[in-house]
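Every chain is numbered from 1 and lettered A, B, ... according to where its sequence line falls, protein lines coming before strand lines. As the structure is a prediction and not an experimental result, all values here were calculated from the model.
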Protein chains: 2
Amino acid sequence: MTNGERDDGGPRRRSDGEQTHAQILDAAMRLASIEGLGSLTIGRLARELGVSKSGVFAHFRSRQRLQEETLRAAEEVFQREVLRPGLDAPEGLARLKSLCNAYLSYVERGVFPGGCFLAQVLAEFDAQTGPLHDAVASGHKTWLGLMEEQVITAQRLNELDPALHPQQFAFELWAPLELANYLATLHRDPTITDWGREAVRATITRALPRTQVSTGVPPLA
Amino acid sequence: MTNGERDDGGPRRRSDGEQTHAQILDAAMRLASIEGLGSLTIGRLARELGVSKSGVFAHFRSRQRLQEETLRAAEEVFQREVLRPGLDAPEGLARLKSLCNAYLSYVERGVFPGGCFLAQVLAEFDAQTGPLHDAVASGHKTWLGLMEEQVITAQRLNELDPALHPQQFAFELWAPLELANYLATLHRDPTITDWGREAVRATITRALPRTQVSTGVPPLA
DNA sequence: CCTACCGATCGGTAGG
DNA sequence: CCTACCGATCGGTAGG
């Protein structure tokens with residue numbers, strides 16, 4: 001992203017509107033992670049930011065768009081804080097573990113004050129209809145699909161039992177991550193993520209191939 | 001509960017107020033399971049029931065109490081639809097499986113149109129403060145504690161590996177139930193609960209004692 | 001249970 | 001980005 005810097009010495013470097021827009025979305029993500037996207041109102045956001053209601057409104061033109069942009073911004077945070085570090089590991093079992101650890105770390109670090117944003121909106125919009133529901137559904141399919149891919153790859157590399165159903169196993173890894181997020185938030189205890197870590201470990205342990213080959217050396221007869 | 005029936009031939013048998021109160025809570029549970037307790041307003045409920053706003057208000061005296069009573073009513077439904085049938089099985093491993101199956105059946109049957117009410121409010125209030133947060137936290141501790149008890153009993157009966165950490169294992173069983181509920185609701189696909197069923201089966205399988213004794217007959221040397 | 005009302009807040013518009 | 005405003009809805013009260 002090139003920076004069209006101006007020389008006129010104003011206190012702001014980037015486009016004022018762009019920066020304000022991003023600041024509004026930042027506050028919106030924080031608020032919505034705690035109270036939900038349904039509680040996100042233009043007026044509250046304006047009060048929180050010390051500007052007028054229509055000052056916020058002008059950036060989005062409708063509450064619907066504010067909610068959609070907030071969700072999209074949160075998905076970008078998820079991408080940056082979970083997927084990018086998780087995908088740094090070599091593909092297969094290592095990447096699967098790395099994705100799980102990246103998720104738990106993201107919960108522990110309190111990236112969102114109300115816990116994982118995707119988990120928040122999953123529960124909020126699962127039973128509703130409309131564009132937010134659809135966006136949540138497609139986001140979760142992507143996330144589950146990513147895990148599934150790595151299960152398949154790990155099977156190809158003989159790191160996981162070839163008899164596993166990839167979608168089923170991805171579900172079994174995801175489940176403790178999700179519940180650890182909710183319980184850590186509910187009890188204000190970030191160490192509850194260790195339950196998730198242990199669950200992932202145990203789930204993977206029982207899914208290793210019968211004859212494990214972790215190096216290139218063939219097993220003894 | 002004795003029935004103080006009246007003979008004056010009115011179309012209603014029980015106390016009118018009692019019955020109306022229960023009908024309001026019924027509608028409130030349906031609505032809140034879909035949109036959350038935070039979206040539950042007296043006015044909407046009144047419109048839905050075809051009565052005046054203050055007609056609903058009179059039954060609760062504050063929105064706070066309406067929300068609290070709705071949560072309590074939903075916990076009673078959970079008790080009736082999950083705990084009671086689950087606890088019918090003999091204690092130990094059988095009861096643990098029975099509780100898991102009762103939960104999944106309750107999701108499949110669509111007892112609440114928006115999926116499991118407890119899962120809904122867990123995500124909604126995990127990051128908030130106040131009496132609703134506290135009620136949710138205590139409800140989940142009870143539910144997890146119930147599972148934990150049965151893990152301990154199953155260990156005593158040599159039905160589960162004595163090395164298991166009961167709280168950890170209860171968490172591992174609960175996690176796929178919770179996620180199955182959200183995904184079944186999100187994708188409007190009640191068969192997704194089968195993923196939960198398979199996860200529970202696999203989790204229990206790897207937690208059986210090394211020398212399994214399912215009858216009173218001692219294992220061979 | 002009702003009507004009628006209170007002040008506050010909602011999403012959104014007009015006009016600048 | 002602002003003030004000023006719209007009709008609708010909010011929780012809650014008064015009086016019956």
Pairs under 3.5 Å (N/O, protein and nucleotides 9-13 of chain D):
| unit_1 | atom_1 | unit_2 | atom_2 | d |
| --- | --- | --- | --- | --- |
| dC10(D) | OP1 | T41(B) | OG1 | 2.9 |
| dC10(D) | OP2 | R47(B) | NH2 | 3.4 |
| dG11(D) | OP1 | R63(B) | NE | 3.1 |
| dG11(D) | OP2 | I42(B) | N | 3.3 |
| dG11(D) | N7 | K53(B) | NZ | 2.9 |
| dG11(D) | O6 | K53(B) | NZ | 3.2 |
| dG12(D) | OP2 | R63(B) | N | 2.6 |

Verdict with supporting geometry, F117(B) and L37(B), side-chain contact (heavy atoms from CB on, under 4.5 Å)
CA-CA 10 Å; F117(B) 202 98; L37(B) 272 176; 4.2 Å; yes
Derivation and outcome, side-chain contact (heavy atoms from CB on, under 4.5 Å), residues E68(A) and R72(A):
CA-CA 6 Å; E68(A) 287 168 0; R72(A) 188 146 37 94; 6.0 Å; no
Might you work through the side-chain contact (heavy atoms from CB on, under 4.5 Å) test for I204(A) and K97(A), ending with a clear yes or no?
CA-CA 9 Å; I204(A) 288 177; K97(A) 290 179 182 174; 3.7 Å; yes
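At distances below 3.5 Å, not a single donor-acceptor pair connects side-chain atoms of R197(A) with backbone N or O atoms of L177(A). The backbone N or O of A199(A) lies less than 3.5 Å from a partner atom in the side chain of T203(A), making a donor-acceptor pair. Using modelled atom types, no side-chain atom of S98(B) and backbone atom of A94(B) make a donor-acceptor pair closer than 3.5 Å.
The CG atom of L49(A) sits 16 Å away from the C1' atom of dC2(D) (whole-angstrom rounding).
Distances shorter than 4.0 Å separate none of the side-chain N or O atoms of S52(B) from OP1 or OP2 on dC1(C).
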Which nucleotides of DNA chain D pair, in dot-bracket form (Watson-Crick or G-U under 3.5 Å, | meaning another strand):
||||||||||||||||
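Between the side chains of E69(A) and H21(A), at least one donor-acceptor pair of N or O atoms lies under 3.5 Å. For Q168(A) and E172(A), the side-chain atoms include at least one donor-acceptor pair closer than 3.5 Å.
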